[in-house]
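Please read these numbers as outputs of a predicted model, since none were measured by experiment. Every chain is numbered from 1 and lettered A, B, ... according to where its sequence line falls, protein lines coming before strand lines.
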Amino acid sequence: MIIPDSTAPARTAGPPVTRFAPSPTGDVHLGNARTALFNLLLARRGGGRFLLRIEDTDTVRSRENYRERQLEDLRWLGLEWDAGPGREDERGPYRQSERTALYERYFDQLAAAGAVYPCFCSPLELEVSRKAQLASGRPPRYAGTCRELSAEQQAARRAQGISPTLRFRVPPGERVEFIDLVRGPQSALTDDIGDFIVRRADGAAAFFFSNAVDDACMGVTQVLRGEDHLANTPRQLLVLRSLGLAPPEYGHVSLLLDGAGAPLSKRHGAASVRDYRAQGYLASAILNHLFRLGHSTAEHGLLGLEEMARAFDPAHLGRAPAHFDESQLRGWQKEAVRHLTPDEARRWLRDVLPAGLDERPASAFLEAVLPNVELPADARAWVEVVFGGPPELDTAASGFIRDAGSGYFAAAVRGAEASGNDLRAIAGAIRTATGRKGAALYMPLRAALTGRAEGPELAPLLKAIPAGQVRERLARFA
RNA sequence: GCUCCCUUCGUCUAGAGGCCUAGGACAUAGCCCUCUCAAGGCUGUAACACGGGUUCGAAUCCCGUAGGGAGCGCCA
């Protein structure tokens, strides 16, 4: 028997409904963020809705504070959901821990159809069985111990106080087929799938079940998710079919790898959105990099969410795993910093700007320095140079100053006193006194003012340095 | 172990049998611009994992090999 192509029906006629469904067991990492982004984009480009659903059925691992952190990270990225936590609607609630009544109804329905059966096997028994199968070179699958238990046998086990799990009875000898949004036609044999648990002993719904049921009940039309779900999709299709629910279209994007080729999701710490945020990376830099990871587009510059939505094309999702590349991220970061408005820049750097700095000097500073800043740490160094005392000279700077001589700086001081912080005036005074031009004219100035041989353009930099400081820095070499 | 997925420049990718002398972006190198750095402009280096087929013709189709990944959980 063949399960009809799940992509054909009229369900796809309306606007798309997509979702991101994290479980609150850790911080959002780059792989998750990309999945969320793709789903949001898919919805937006079709004028549809993007849902956020919290998959917190595992009460042991789920943590309230992770949930809050995840919401915060998503919001920080700008990935706002149309419905979900804090934005409930008639399809909710959007936390699986609050959907148990709904699950119960569907469990009953499955039971009535004979599609599930109680399983009394203990975790230990199951593990032993798995190991034995593996050892003898067979795939580890549920042995079917409780599959054909009689009512009496079931009653006996219950009498022993064993609370059973609920297993889905996978029909033998079928081929499950579906069309993957990114990988094309897929098929699997049900004989390769063991009976799986849809309800745990504690009564909680298991992933294969709750995830699929919720997608169907929430009207989700397309699911873009990690490739790790590809091989399990047939189970969800089976569950949905037994329930008479329409499955969404599934598309499986490849996993994100780190530079060493290891899956990002298996790493800890460094790959989380929070960490990059803490380092000072901008949301738009991260988004733009993720947008191109495993996805190709003709658009080249820094894109906003709207533009990404227009340019997003699921047909251009790659099948091969993509490597997250820090140097690419830095490239986007550079772009993102250049696109910052003055207000955004000030907010971005509020922790490194001197406390209580007025708006005018702050603007002057940012205008001068921002083109040379990638991360807040870079700006911090320039804060020192601009607002600190006379800077220490590095060797290159000392060389320029020695070469210029005291007459040069005497002229510079005169120029500064006459004009304030005007580069043209200062340079003019020096030129008149020394006849210097080009690098010979400007580099000693830069060296005396900043202590180094490279940095932002001098004219705006001069405007940013307090006037008294300019004279003082020049005068010490006169 | 079994099943499934994947493999084009350093990285992300375009490519659906002739348009490929394999294109673009980022990174990188050189030059120009320039007070330096950055930006910008120009130019360059750089890839179809391997082996067999099929075909007049293959990056594109088939088979195999190698390598990577996933799934087979009372995790999601």
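B:G67 is paired with B:C6 under the Watson-Crick or G-U wobble criterion, all donor-acceptor distances under 3.5 Å. B:U34: no Watson-Crick or G-U partner with both key distances under 3.5 Å is found in any strand. As the counterpart of B:G17, no nucleotide is assigned, since no Watson-Crick or G-U wobble pattern has both distances under 3.5 Å. Pair assignment for B:G44 gives B:U28, based on Watson-Crick or G-U wobble hydrogen-bonding distances that are each under 3.5 Å. Both distances falling under 3.5 Å, in either a Watson-Crick or a G-U wobble arrangement, occur for no nucleotide opposite B:A22. Under the Watson-Crick or G-U wobble criterion, with both distances below 3.5 Å, B:U55 has no partner in any strand shown.
Here B:C26 presents its C1' atom at 16 Å from CD of A:Glu299, a figure rounded to the nearest Å. The separation between A:Leu166 atom CG and B:G73 atom P is 17 Å, rounded to whole Å. In this entry the distance linking CZ of A:Phe196 with P of B:C74 reads 12 Å, nearest Å. Atom CG of A:Asp195 and atom P of B:G73 are 11 Å apart (whole Å). Between A:Arg319 atom CZ and B:G69 atom C1' there is a gap of 16 Å when expressed in whole angstrom units. The distance between atom CZ of A:Phe324 and atom C1' of B:A27, rounded to the nearest whole Å, is 15 Å. A:Leu302 places its CG atom 15 Å from the C1' atom of B:A39, with the value rounded to the nearest Å. For the pair A:His229 NE2 and B:A70 C1', the computed distance is 11 Å after rounding to whole Å.
Going from the P atom of B:G10 to that of B:A29 covers 16 Å, rounded to whole Å. B:C62 and B:C9 have their C1' atoms separated by 27 Å, with the value rounded to a whole Å. Rounded to a whole angstrom, the distance from the C1' atom of B:U8 to that of B:A22 is 8 Å. Annotation: B:G69 and B:U36 have their P atoms spaced 48 Å apart (nearest Å). The separation of B:G23 from B:U45, taken at their P atoms, amounts to 11 Å, rounded to a whole angstrom. Straight-line distance between the P atoms of B:C50 and B:C31: roughly 35 Å, to the nearest whole Å. On the P atoms, B:A58 is 12 Å away from B:U21, given to the nearest whole Å. Nucleotides B:U43 and B:G57 place their P atoms 37 Å apart, quoted to the nearest Å.
Checking B:U36, B:C74, B:C12 against the side-chain heavy atoms of A:Arg292 singles out B:C12 as nearest. Checking B:U13, B:G69, B:A76 against the side-chain heavy atoms of A:Pro263 singles out B:G69 as nearest. Closest to the side chain of A:Asp325, from the set B:U11, B:U36, B:A76, is B:U11. Closest approach to the A:Arg446 side chain among B:U3, B:C35, B:C74 is made by B:C35 (side chain taken as heavy atoms from C-beta onward). Closest to the side chain of A:Asn372, from the set B:C5, B:C37, B:C72, is B:C37. Of all nucleotides listed (B:G10, B:C12, B:G1), B:G10 comes nearest to the side chain of A:Gln328. Relative to the side chain of A:Pro139, the nucleotides B:C2, B:G10, B:C12 differ in distance, and B:C2 lies closest. Each of B:C37, B:A25, B:A76 was ranked by its minimum atom distance to the side chain of A:His300; first place goes to B:A25. Listed nucleotides: B:C72, B:C74, B:C6. Nearest to the side chain of A:Pro321: B:C6. The side chain of A:Arg167 approaches B:C74 more closely than any other nucleotide in the set B:C35, B:C72, B:C74.
Nucleic acid contact class of A:Arg199 (heavy atoms, under 4.0 Å, all strands): none. Within 4.0 Å (heavy atoms only), A:Arg235 reaches sugar-phosphate atoms of the nucleic acid but no base atom. Within the nucleic acid shown, A:Cys119 has no heavy atom closer than 4.0 Å to any nucleic acid atom. Note on A:Leu293: only backbone sugar-phosphate atoms sit closer than 4.0 angstrom, heavy atoms only; bases stay farther off. Heavy atoms of A:Thr57 sit under 4.0 angstrom from primed sugar atoms or phosphate atoms, though from no base atom. Using a 4.0 Å heavy-atom criterion, one finds that A:Arg183 contacts the sugar-phosphate atoms exclusively. Base engagement by A:Gly455 is indicated by at least one non-hydrogen atom pair under 4.0 Å involving a base atom. Across all strands shown, A:Leu458 has heavy atoms under 4.0 Å from base atoms, whether or not it also approaches the sugar-phosphate. Across all strands, A:Pro22 comes closer than 4.0 Å to no nucleic acid atom at all (heavy-atom distances). Within 4.0 Å of A:Pro140, counting heavy atoms only, lies at least one base atom of the nucleic acid. Contacts of A:Arg330 with the nucleic acid, taken as non-hydrogen atoms under 4.0 Å apart, are absent. As judged by a 4.0 angstrom heavy-atom cut-off over every strand, A:Ala201 is placed among the base-contacting residues. Among the heavy atoms of the strands lying under 4.0 Å from A:Glu457 is at least one base atom, whether or not backbone atoms are also near. Heavy atoms of A:Ser254 sit nowhere under 4.0 angstrom from any nucleic acid atom.
Rounding to the nearest 0.5 angstrom, the gap separating the CG atom in A:Leu71 from the CH2 atom in A:Trp81 is 4.5 Å. A distance of 10.5 Å separates CZ of A:Arg471 from CD of A:Gln469, quoted to the nearest 0.5 Å. The distance from atom NE2 of A:His289 to atom OH of A:Tyr281, rounded to the nearest 0.5 Å, is 10.5 Å.
For the pair A:Asp378 (side chain) and A:Glu374 (backbone), a donor-acceptor distance under 3.5 Å is present. The backbone N or O of A:Phe207 lies less than 3.5 Å from no partner atom in the side chain of A:Glu55, so there is not a single donor-acceptor pair. A donor-acceptor pair under 3.5 Å links the side-chain atoms of A:Glu344 to the main chain of A:Thr341, judged by distance alone.
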Mind running ring-ring contact (aromatic ring centres under 6.0 Å, His included) on A:Phe209 and A:Phe107 for me, showing each step along the way? CA-CA 9 Å; A:Phe209 171 87; A:Phe107 285 134; 4.2 Å; yes

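Residue A:Ser327 places no side-chain N or O under 4.0 Å from the OP1 or OP2 atom of B:U11. Within the structure, a side-chain polar atom (N or O) of A:Arg200 is placed less than 4.0 Å from OP1 or OP2 of B:C75. The phosphate of B:A70 has neither OP1 nor OP2 within less than 4.0 Å of any side-chain N or O from A:Asn232.
Aromatic ring pairs are classed by plane angle as parallel below 30°, tilted from 30° to 60° and perpendicular above 60°; the pair A:Phe477 and A:Phe409 is tilted.
Taking 4.0 Å as the cut-off between side-chain N and carboxylate O, A:Arg452 and A:Glu384 do not count as a salt-bridged pair.
Summary of the strand contacts: A:Thr59 and A:Asp192 both lie near RNA chain B, and taking for each the nucleotide with the nearest heavy atom, the more 5' one is attributed to A:Asp192. When each of A:Gly331 and A:Arg138 is assigned the nucleotide of RNA chain B bearing its nearest heavy atom, the one mapping closer to the 5' terminus is A:Arg138.
The aromatic ring centres of A:Tyr142 and A:Phe196 sit 6.0 Å or more apart.
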